[in-house]
K.L.:
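Okay, here's the structure, questions in a sec.
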Amino acid sequence: MLRWLLLSLIVVVFDLATKLWVEASFEFREQLPVIEGFFNLTLVYNKGAAFSFLADAGGWQRWFFIVLSIVISIGLLVWLKRLQPHERVVAVGVSLVLGGAIGNLIDRVLYGQVIDFLLFYYDRWSWPAFNVADSTIFLGVVFLLYDAFFGKQPETHS
């Protein structure tokens, strides 16, 4: 289990380092085109969850998301501890989700909001800005879905 927690720690450190860099380098809503017409770096804040869900809820959502993140992180730790050595794909998925959850949890505890900076767009359409933690949560879920649909299923004997 220790090597999978190391993966989660790497995610947390990389997430926090990139957020600190963006905060030190950008003004709020300043944008730096990286791939013209497709991808910018920017600095925005999100008091809600994914897609700014509950961002304007009045403040209680901070504590709700902190408690929810702690409960989910504990559940992920328990899941990770119970995995068998051959369940590597699941372990990677859980570790990535755990690292991302902790990265965003740290933001909520320290700042009351999450720092986002990756902005993908096309023409007038824009995906909501996100961060490294969000990216690893998404990637971890992809690993978990892959295992659920394509992983080797245990054989049943009749």
Side-chain angles (χ1 to χ4, degrees), residues 1-35 39-84 87-121 125-148:
M1 181 171 128
L2 190 56
R3 68 177 161 186
W4 304 119
L5 289 178
L6 181 60
L7 176 58
S8 296
L9 179 63
I10 290 168
V11 167
V12 170
V13 168
F14 186 61
D15 177 61
L16 295 177
T18 56
K19 289 172 179 173
L20 289 172
W21 173 76
V22 168
E23 276 225 305
S25 303
F26 290 81
E27 297 293 323
F28 180 66
R29 294 203 182 269
E30 177 185 356
Q31 293 193 19
L32 172 67
V34 177
I35 302 173
F39 172 59
N40 290 353
L41 292 177
T42 188
L43 173 61
V44 294
Y45 302 100
N46 182 2
K47 292 184 180 185
F51 305 103
S52 295
F53 177 67
L54 294 178
D56 298 325
W60 63 266
Q61 75 276 22
R62 174 187 185 188
W63 305 107
F64 172 75
F65 289 129
I66 286 173
V67 170
L68 185 63
S69 295
I70 291 169
V71 169
I72 289 171
S73 295
I74 291 169
L76 291 169
L77 280 168
V78 169
W79 187 6
L80 194 58
K81 184 174 170 43
R82 292 181 179 175
L83 289 175
Q84 299 301 313
E87 296 178 289
R88 289 185 187 96
V89 173
V90 175
V92 169
V94 171
S95 298
L96 290 172
V97 173
L98 178 62
I102 292 171
N104 282 338
L105 172 63
I106 291 169
D107 277 11
R108 290 187 196 288
V109 169
L110 295 179
Y111 312 117
Q113 57 197 359
V114 173
I115 301 165
D116 289 326
F117 58 92
L118 302 170
L119 180 64
F120 288 87
Y121 64 97
W125 179 85
S126 174
W127 190 259
F130 56 99
N131 57 44
V132 171
D134 299 331
S135 302
T136 62
I137 290 169
F138 174 79
L139 187 58
V141 169
V142 169
F143 272 85
L144 294 172
L145 289 173
Y146 175 84
D147 184 75

K.L.:
Determine whether Trp4 and Val94 satisfy the following criterion, side chain to side chain contact (heavy atoms under 4.5 Å, CB included), listing intermediate values before the conclusion.
P.N.:
CA-CA 9 Å; Trp4 304 119; Val94 171; over 6 Å; no

K.L.:
Please examine the side chains of Val44 and Arg29, heavy atoms only from C-beta on, and report whether any two atoms are closer than 4.5 Å.
P.N.:
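Arg29 vs Val44: side chains touch.
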
K.L.:
Please determine which of Trp127, Phe39, Trp125 meets the ring pair (Phe, Tyr, Trp, His ring centres under 6.0 Å) test together with Phe120.
P.N.:
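So, applying the ring pair (Phe, Tyr, Trp, His ring centres under 6.0 Å) to Phe120 and each of Trp127, Phe39, Trp125, only Phe39 qualifies.
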
K.L.:
Looking only at heavy atoms, which two atoms of Glu30 and Ser25 are closest? And how far apart?
P.N.:
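Closest heavy-atom pair between Glu30 and Ser25: OE1-O, 4.1 Å.
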
K.L.:
Would you say that more than 12 heavy atoms from the other residues, nucleotides or ligands in this model lie under 6.0 Å from the CZ of Phe26, or not?
P.N.:
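Counting neighbours around CZ of Phe26, more than 12 heavy atoms of other residues, nucleotides or ligands fall under 6.0 Å, so yes.
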
K.L.:
Taking atom CD of Glu87 and atom CZ of Arg82, what is their separation to the nearest 0.5 Å?
P.N.:
12.5 Å

K.L.:
Is there a donor-acceptor pair under 3.5 Å between the side chain of Asp147 and the backbone N or O of Leu144?
P.N.:
no

K.L.:
For Gln31 and Thr42, which heavy atoms make the closest approach, and how far apart are they?
P.N.:
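Gln31 and Thr42 have their closest heavy atoms at CG-OG1, 3.4 Å.
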
K.L.:
What I'd like to find out is whether the side chain of Leu118 reaches to under 4.5 Å of the side chain of Leu41, using heavy atoms alone.
P.N.:
yes

K.L.:
First locate atom CD of Gln84, then atom CZ of Arg88, and finally report the distance between them rounded to the nearest 0.5 Å.
P.N.:
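Rounded to the nearest 0.5 Å, the CD-CZ separation comes to 12.0 Å.
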
K.L.:
Examine distances only and state if a side-chain atom of Thr136 and a backbone atom of Val97 form a donor-acceptor pair shorter than 3.5 Å.
P.N.:
no

K.L.:
What is the minimum heavy-atom distance between Ser126 and Leu119, and which atoms define it?
P.N.:
OG-CD1, 3.2 Å

K.L.:
Verify side chain to side chain contact (heavy atoms under 4.5 Å, CB included) between Glu23 and Tyr45, making sure each step is shown before the conclusion.
P.N.:
CA-CA 10 Å; Glu23 276 225 305; Tyr45 302 100; 2.4 Å; yes

K.L.:
What's the separation between atom OG in Ser95 and atom CG in Leu9, rounded to the nearest 0.5 Å?
P.N.:
11.0 Å

K.L.:
Are side-chain N/O atoms of Asp107 and Asn46 paired as donor and acceptor at under 3.5 Å?
P.N.:
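No, because no side-chain N or O of Asp107 sits under 3.5 Å from a partner of the opposite role on Asn46.
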
K.L.:
Can you measure from OG (Ser69) to CG (Leu76) and round to the nearest 0.5 angstrom?
P.N.:
10.5 Å

K.L.:
Give the minimum heavy-atom separation between Val11 and Gly100, together with the two atoms involved.
P.N.:
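Looking at all heavy atoms of both residues, the shortest contact is CG1-N, 3.6 Å.
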
K.L.:
Quick one: which of Val67, Ile66, Leu68 gives a side-chain contact (heavy atoms from CB on, under 4.5 Å) with Ile70?
P.N.:
Ile66

K.L.:
Working to the nearest 0.5 Å, report the span between CD1 of Ile137 and CG of Asn131.
P.N.:
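It comes to 8.0 Å.
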
K.L.:
Determine, step by step, whether Val114 and Arg108 satisfy the side chain to side chain contact (heavy atoms under 4.5 Å, CB included) criterion, reporting the C-alpha distance in whole Å, the side-chain angles of both residues, the deciding distance to 0.1 Å, and the verdict.
P.N.:
CA-CA 6 Å; Val114 173; Arg108 290 187 196 288; 3.6 Å; yes

K.L.:
Would you say that more than 12 heavy atoms from the other residues, nucleotides or ligands in this model lie under 6.0 Å from the CZ of Phe130, or not?
P.N.:
yes

K.L.:
Would the number of heavy atoms belonging to other residues, nucleotides or ligands and lying under 6.0 Å from CZ of Phe138 be above 12?
P.N.:
no

K.L.:
Working to the nearest 0.5 Å, report the span between CG of Leu77 and CG of Leu5.
P.N.:
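One gets 6.0 Å once the value is rounded to the nearest 0.5 Å.
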
K.L.:
Mind running side chain to side chain contact (heavy atoms under 4.5 Å, CB included) on Val92 and Tyr146 for me, showing each step along the way?
P.N.:
CA-CA 11 Å; Val92 169; Tyr146 175 84; over 6 Å; no

